[in-house]
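Because the structure is a prediction, the values reported are computed rather than measured. Reminder, nothing fancy here: chain letters follow the sequence lines and each chain counts from 1.
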Amino acid sequence: MQVEITDDFDLKKIADSGQCFRWTRTEGGYRIVAGGHVLEIGKIGDGQQFELNCSEDVYEQFWKHYFDLDLQYAAIRAKIDPERDPYLYKAAACGRGIRILNQNPWEMLITFIISQRKNIPAIRLSVEKLCKLSGNKIDEDNWAFPGPDRLASLPEAQLLGCGLGYRVKYIQRVARAAADGEIDFDRMAKLPDKDLRDELMKLYGVGVKVANCEMLFGFHRLDSFPEDVWVLRLLQEQYPDGFPFSLYRPYNGIMQQYLFWYRRTVQI
DNA sequence: ACTCAGGTATCCT
DNA sequence: AGGATACCTGAG
């Protein structure tokens, strides 16, 4: 099917924004594994027309939400005052097209636990191995992300084989807690941001950074502002008096993505 | 060989 | 409370 997306939507920027690890480049676009589906998506021509190899039904019920197409990012970008915050204005102009995907909170939690002290290719590799090892097979060469019970029952040696190293004990404990129902994602989804963050940080292997990533990318809490080395450096340089969070609530997380993108791609 | 990568737990003052 | 340090592993 084809769809026209008039709001900000740039596949490459989303793919490289560090929120998704199961996108792979294809000839015409990207192959995306999510929610037990595999999607091939590519841009047609120079406009905003896209080709997707799924039915309208699956698009309406899954991918449309996955790409967060009900939220108008252009309108959010327009809140940035070029006079008052020229740096963010430039960053947002540069990062236009980035969106925060709606991804599975369980999958994101494990993925960001894996991410610690790994670079993006290494994260991808570990996640892919994990899926191939214990996820349901979707088609010839794609596997879904394994559920909590599946991961909890995986032998330690197999986890080590996925290149997880010292994170194995974190993953085992979190998977066990999720399989036992101690971590209830549906319940957590109803908590206010602060309570959700506190609860996430009680999990073994989850610190501030992973908790904030899980908030933003797993629970779609768009005000969550993960601070990694890049963003910290940037904040010190560009916002010595502090970032004006109050101006952009409840979308500080989107601003973080623009800043992160700008700092990494343009100003290296 | 050596450093670094979107950190966190743990062990010190 | 706040700072230093160990930790698996793959890539350049």
Side-chain angles (χ1 to χ4, degrees), chain A residues 12-25 91 94-95 98-101 103-105 107-133 151 154-178 183 196-239 243 252-268:
Chain A
K12 179 174 168 41
K13 290 180 190 174
I14 296 170
D16 295 342
S17 66
Q19 59 178 305
C20 47
F21 302 92
R22 305 202 69 199
W23 286 39
T24 47
R25 237 196 306 268
C94 171
I98 296 175
R99 310 179 72 81
I100 311 291
L101 302 170
Q103 302 188 80
N104 180 277
E107 176 175 339
M108 287 300 102
L109 179 57
I110 297 300
T111 299
F112 282 104
I113 288 175
I114 291 173
S115 78
Q116 54 185 267
R117 286 188 70 82
K118 274 181 180 289
N119 55 26
I120 290 174
I123 300 166
R124 284 209 173 93
L125 191 64
S126 285
V127 170
E128 227 35 60
K129 283 181 178 173
L130 203 56
C131 292
K132 191 164 183 173
L133 195 65
L151 219 47
L154 210 59
E156 183 164 324
Q158 303 233 24
L159 289 168
L160 285 167
C162 297
L164 301 174
Y166 64 88
R167 305 160 193 83
V168 162
K169 56 183 183 290
Y170 304 152
I171 291 165
Q172 283 181 317
R173 224 197 273 184
V174 168
R176 174 55 57 203
I183 304 174
L196 178 58
R197 183 178 292 105
D198 288 346
E199 200 148 318
L200 286 168
M201 286 188 57
K202 285 179 191 154
L203 302 176
Y204 188 53
V206 177
V208 191
K209 169 61 171 44
V210 172
N212 278 319
C213 285
E214 170 68 351
M215 300 262 295
L216 183 57
F217 303 125
F219 284 100
H220 210 68
R221 299 301 173 98
L222 299 181
D223 211 34
S224 178
F225 194 94
E227 296 186 13
D228 58 86
V229 282
W230 292 93
V231 172
L232 281 173
R233 207 177 300 159
L234 175 158
L235 290 179
Q236 281 165 9
E237 290 168 5
Q238 304 293 334
Y239 298 91
F243 186 75
N252 282 296
I254 295 174
M255 303 310 167
Q256 189 271 10
Q257 288 290 283
Y258 294 142
L259 292 172
F260 182 64
W261 174 268
Y262 188 53
R263 180 61 214 249
R264 286 202 66 171
T265 57
V266 181
Q267 301 222 308
I268 300 172

Hey, which of these two, Met201(A) or Phe217(A), hits DNA chain B nearer its 5' end, going by closest nucleotide?
->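 Checking each residue's closest nucleotide, the 5'-ward one belongs to Phe217(A).
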Residues forming a salt bridge (Lys or Arg N to Asp or Glu O under 4.0 Å) with Arg176(A), sequence neighbours excluded =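 Only Asp180(A) meet the salt bridge (Lys or Arg N to Asp or Glu O under 4.0 Å) criterion with Arg176(A).
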What are the atom names and distances for every N/O pair under 3.5 Å that joins the protein to nucleotides 6-10 of chain C?
unit_1, atom_1, unit_2, atom_2, d
dC8(C), O4', Tyr166(A), N, 3.0
dC8(C), O2, Arg167(A), NH1, 2.7
dC8(C), N3, Arg167(A), NH2, 3.4

Dot-bracket pairing map - DNA chain C, Watson-Crick plus G-U, both contacts under 3.5 Å, | cross-strand = |||||||.||||
What pairs with Glu128(A) under side chain to side chain donor-acceptor pair (under 3.5 Å), at least two apart in sequence or on another chain?
->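 Once residues adjacent in sequence are excluded, the partners of Glu128(A) under the side chain to side chain donor-acceptor pair (under 3.5 Å) criterion are Arg22(A).
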By nearest nucleotide on DNA chain B, pick out whichever of Pro121(A) and Gly205(A) is the more 5' one.
->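 Going by which nucleotide is closer to the 5' end, it is Pro121(A).
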How about Phe225(A) and Phe260(A): are their ring centroids closer than 6.0 Å?
->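 Judged by ring-centre distance (under 6.0 Å), Phe225(A) and Phe260(A) do not meet the cut-off.
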N/O donor-acceptor pair, side chain Lys209(A) with base dG7(B), under 3.5 angstrom |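 There is none.
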Below 4.5 Å, heavy atoms only, C-beta onward: do Val231(A) and Arg263(A) meet side chain to side chain?
->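 No; the side chains remain at least 4.5 Å from each other.
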For Arg197(A), which residues count as a salt bridge (Lys or Arg N to Asp or Glu O under 4.0 Å) partner, sequence neighbours excluded?
->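 Counting only residues at least two positions away or on another chain, Arg197(A) forms no salt bridge (Lys or Arg N to Asp or Glu O under 4.0 Å).
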Taking the P atom of each, how far is dC4(B) from dA6(C), in whole Å?
->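 dC4(B) and dA6(C) have their P atoms separated by 15 Å.
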Can you tell me which residue pairs pass the side chain to side chain donor-acceptor pair (under 3.5 Å) test with a partner in residues 110-119 of chain A, sequence neighbours excluded?
->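 Of all non-adjacent pairs touching residues 110-119 of chain A, those that pass side chain to side chain donor-acceptor pair (under 3.5 Å) are Lys118(A)-Ser126(A).
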